[in-house]
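As structure tokens, the structure follows; a few thoughts come after it.
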Amino acid sequence: MSTTTRGGEGTRGGEESPGGGAPRGGEEPAPSVPVPSVPAASVSAPSAALGLPAATALVIGSIIGTGVFALPSALAPYGPIALVAFGVVTLGALALAMTFGSLSGRVPGSGGPYVYAREAFGEFAGFLNAWSYWITAWAGNAAIAVAWVGYVEVFVNTGHRTGISLLIALTGLWIPAAVNLTGMRNTGAFQVVTTVLKFVPLVFMATVGLLFVKADNFGPFNASHQSAPGAISAAAAIALFSYLGLEAASVVAGRVREPGRNVPRATVYGTLACAVIYILGTLAVLGTVPHGQLGSSTAPFSDAANNIFGGGWAGDAVAVAAIVSGIGALNGWTMLCAEMPYAAARDGLFPGAFARLRGKNDVPAFGILASTVLASLITVFSYTRFQDVFTKIVLLSVLTAVIPYLFSAAAQLYWLLVRGRAGLKPGRLARDTVVAALAMAFSYWSIQGSGYQTVYYGLFVILLGLPVYIWLKRDRGEYGETVPAPATTTEARAPETPPADRAARRPWADRAHRLNPLRHHH
């Protein structure tokens, strides 16, 4: 995440991040170290077009897609004890949000988890994170599109003819792609509008809906016939996937105005808003729809609205909100599909085509088109012959999102242990360490909740990136070492992504360099 923008903005409370000017918390500024980048002719700095409202809307829109409208049904078999699991998961998500906020104030540059992993653990870790997150983004878009079709077909194609369903899904994928291709300003405005529209019915259920709650509708507190810890763990395995997307503002930090201030705020504010809506909205649905009916409901928020007002018009209104929510989520994730590989390609860790910006609006067109084409292909397969495979890919997309979370929490914890004692006050150091440790534990819990088979195939998919990495290293003429870039190339790098200062973060680097100068030459 970036703390510096074009024109030198990005101070946070009078401080600047390492590599961006004055030291934070007493740190000594370290010299810049060149890192490889793509040729200057193909890279330009993106325009910072997103303010705090648009960045917050991006976070909320990326977290809340179509899944929230079906979440109460998935949690119904566990009973109200699922709300306890939701609370635990929310604490983990907030720990991650605070971790991303701290990282954004220290590590500059678009790319989010990719930048954090590269800065702490080197370029190979950065590449794996970029690769993993990129898979999450475009495969997840296919999943959102398929779920989105279900709500659209409340009004059209009620007979669920496969060809028309496929056409609707592809339309849902390419409308956000077209919006993104027009530029970041239009994308941000579209995100704000869809976020407001989706929030209206959700806020209604989380507030007014609570007035219609009846205790008899809840059923047994623990309806799962498991022990309380077992029920909480099982329900959490469903609920913990609801917060994917909380890192959205960090991924596009280079597009945010005053990112040192706005990115942390957008991340925490957006996650908090989603947490309140999730918990109160789920509570309202559990209390307005009878427990026996809720488990089989395909549109629990619609059923809750119909029970409150009577008739079917309220349910239709919620279906419209779900349609808007889905298209807004696709808009945000389409942006992330392009921004993460853009940041990696700018450093020579993704194919160079992803780093080229097109038009006066600085659009990473290749990343948008490539990711949407891949999502379209998976969607076509899911509607024709590979439905089971598609389901597995959806689960894999969740796992591939959590791995960058884990690396980000580890990067924060690593920095606190190595540099935090010298740069932070004891109280701040203790707080940030606890938060980073909680975020790391939450990430491990998320991986465990994915199931053994998903983890098995997830490792395979992630390691498929190795041939790509070999190809990139070959083109750069490297074997292990990092070749310094020419001075002209370094100057042409996007200004919101200063070179990583790895040597200053590794006290043992000088001694290792003397022992093996080739391997440690940056």
Side-chain angles (χ1 to χ4, degrees), residues 1-2 17-19 30-40 42-43 103 106-135 247 250-251 253-254 339-355 367 400 403-412 414-415 418-419 462-487 489-490 492-494 496-506 508-509 512-513 516-522:
M1 209 176 292
S2 175
S17 64
S32 297
V33 181
V35 295
S37 63
V38 296
S42 63
V43 176
L103 286 165
R106 182 173 56 80
V107 184
S110 288
Y114 153 71
V115 175
Y116 309 147
R118 188 201 66 190
E119 186 262 355
F121 307 119
E123 67 172 27
F124 182 62
F127 168 78
L128 284 182
N129 275 264
W131 177 262
S132 182
Y133 194 88
W134 185 57
I135 293 172
E247 73 291 343
S250 70
V251 176
E339 288 295 323
M340 176 68 79
Y342 165 76
R346 196 178 47 214
D347 297 326
L349 295 179
F350 240 65
F354 285 94
T400 52
I403 288 175
Y405 290 178
L406 177 62
F407 270 90
S408 298
Q412 171 73 346
Y414 173 50
W415 183 87
V418 174
R419 298 289 301 278
I462 291 170
L463 293 181
L464 282 178
L466 283 175
V468 178
Y469 187 72
I470 292 171
W471 169 47
L472 294 169
K473 293 284 283 187
R474 183 211 63 179
D475 285 351
R476 287 160 54 182
E478 299 172 19
Y479 183 80
E481 73 275 10
T482 302
V483 178
T489 305
T490 304
R493 288 173 58 84
E496 82 282 1
T497 314
D501 180 19
R502 298 192 188 97
R505 291 169 173 78
R506 294 185 294 182
W508 39 264
H513 176 79
N516 190 347
L518 176 62
R519 182 171 181 80
H520 295 277
H521 181 58
H522 295 281

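The model shown is predicted, which means the values in this text are computed figures rather than measured ones. Counting from 1, the numbers follow the sequence of the chain as shown. Any value given below was found using the heavy atoms of this structure, including those in side chains, with hydrogens, waters and symmetry copies removed.
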Item to check | Residue pair Glu123, Lys473: steps toward the side-chain contact (heavy atoms from CB on, under 4.5 Å) verdict | outcome: CA-CA 11 Å; Glu123 67 172 27; Lys473 293 284 283 187; 3.0 Å; yes
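- When atom types are taken as modelled, the side chain of Ser408 and the backbone of Pro404 share a donor-acceptor pair closer than 3.5 angstrom.
- Between the side chains of Tyr405 and Glu247, at least one donor N or O lies within less than 3.5 Å of an accepting N or O.
- Side chains of Glu339 and Tyr133: a donor-acceptor N/O pair is absent below 3.5 angstrom, by distance only.
- Between the side chains of Asp347 and Tyr114, a donor-acceptor pair is found at a separation under 3.5 Å.
- Closest of all the heavy-atom pairs between Pro351 and Ala345 is O-CB, 3.3 Å.
- For Tyr469 and Trp131, the ring centers are positioned 6.0 Å apart or more.
- The two residues Gly111 and Val115 make their nearest non-hydrogen contact at CA-CG2, 3.8 Å.
- Here the CG atom belonging to Leu463 is positioned 10.5 Å from the OG atom belonging to Ser132, to the nearest 0.5 angstrom.
- In this structure, CD1 in Ile462 is found 7.0 Å from CD1 in Ile135, a value given to the nearest 0.5 Å.
- Taken to the nearest 0.5 Å, the CG atom of Asn129 stands 11.5 Å off from the CZ atom of Arg118.
- In this structure, the side chains of Leu466 and Phe124 come closer than 4.5 Å at one or more pairs of heavy atoms.
- Tyr116 places a side-chain heavy atom less than 4.5 Å from the side chain of Ser250.
- Here the two rings, on Tyr342 and Phe354, have centers that are 6.0 Å apart or farther.
- Considering CD of Glu119 and CH2 of Trp415, their distance stands at 9.5 Å, rounded to 0.5 Å.
- You'll find the side chain of Val251 reaches within 4.5 Å of the side chain of Pro113, heavy atoms only.
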